[in-house]
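Here's the structure we're looking at; comments come further down.
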Amino acid sequence: MNFQNYFKISYGLYIVTTQSGNKKGGYIANTLFQVTATPPQFAISCNKDNYTADLIKQSRVFGFSVLSEKANTTLIGNFGYKSGRDFDKFAGVNYFSGKSGIPIITDSSVAWFECKVNQFYEVGTHLIFIGEVVDSGIIEEKGKPLTYSYYREVLKGYSPKNAPTYIEKEKIESSSSDIKQQSEVWQCQLCRYEYESAKGDPISGIPPGTSFPDLPDDWVCPICGADKSLFEKE
Ligand code: FE
């Protein structure tokens, strides 16, 4: 099967947040869509193992921020590839308290919504929460929202393992018609981003043709912020 077909489905990218008691949670979602207009309701699909899913089950509210095309990839990495169980994702991040007291992130985002959960469904490995909008606002009127295909094609990001749209990388590659350039490839063991020396890292200003060992010592994965020691040569 050619798994490239799955990447023809377009999505946006969002940071979903909630709070239960004093526990804040947040993760990166692409599986989010508006279900009804009257009343306005949104659905999110969230892995059952996700810390935030647990917190939403308790709080029955979630917020989401629509990420900007200019979003900071370290922010995406922290919210997408780390767990709030053992990492404070909100440290150093700008957010405000919504009507229901949950954190709504304003960094790297163009708009935000706050939703009260009306119902949720168990679907195998995931939970679908349906929430009605109780408040919303714009952060950057002219800002372009980040799409999943831009994230994949320009920022070279992949879905993490617990995402509904996760596909094993081997399957993607065996079905890809792209012929990789003659290039040395190093892979981030945290988020699977691949550094290709022939392409460099335009996000961090690394010119094409820079070999991995020649990258500055303080260079970090442009997707998740992992340092060089977490890369392995392919
Ligand atoms: Fe990474």
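Computed from a predicted structure; not experimentally measured. This chain uses plain numbering: 1 for the first residue, then up along the sequence. Whatever order the structure lists them in is the order used to number ligands and atoms, beginning at 1.
Listed by first and then second residue, the side-chain hydrogen bond (donor to acceptor under 3.5 Å, both in side chains) pairs involving residues 79-88 are N78-K82, Y81-Y151 (not counting sequence neighbours).
Taking distances strictly below 2.8 Å, the protein N/O/S atoms close to the Fe ion (ligand 1) are C188 SG, C191 SG, C221 SG, C224 SG.
Listed by chain and residue number, E122 satisfy the salt bridge (charged side-chain N to carboxylate O under 4.0 Å, His left out) test with K48 (two or more places apart in sequence, or in another chain). Listed by chain and number, the residues in a ring-ring contact (aromatic ring centres under 6.0 Å, His included) with Y95 are F90 (sequence neighbours excluded).
Geometrically, K228 engages F212 in a cation-pi contact, judged by NZ or CZ lying under 6.0 Å from the ring centre and within 45° of the ring axis.
With ring centers used as reference points, Y27 lies 6.0 Å or more from F79.
Looking only at atom types and distance, the side chain of S197 has no donor-acceptor partner in the side chain of E184 under 3.5 Å away.
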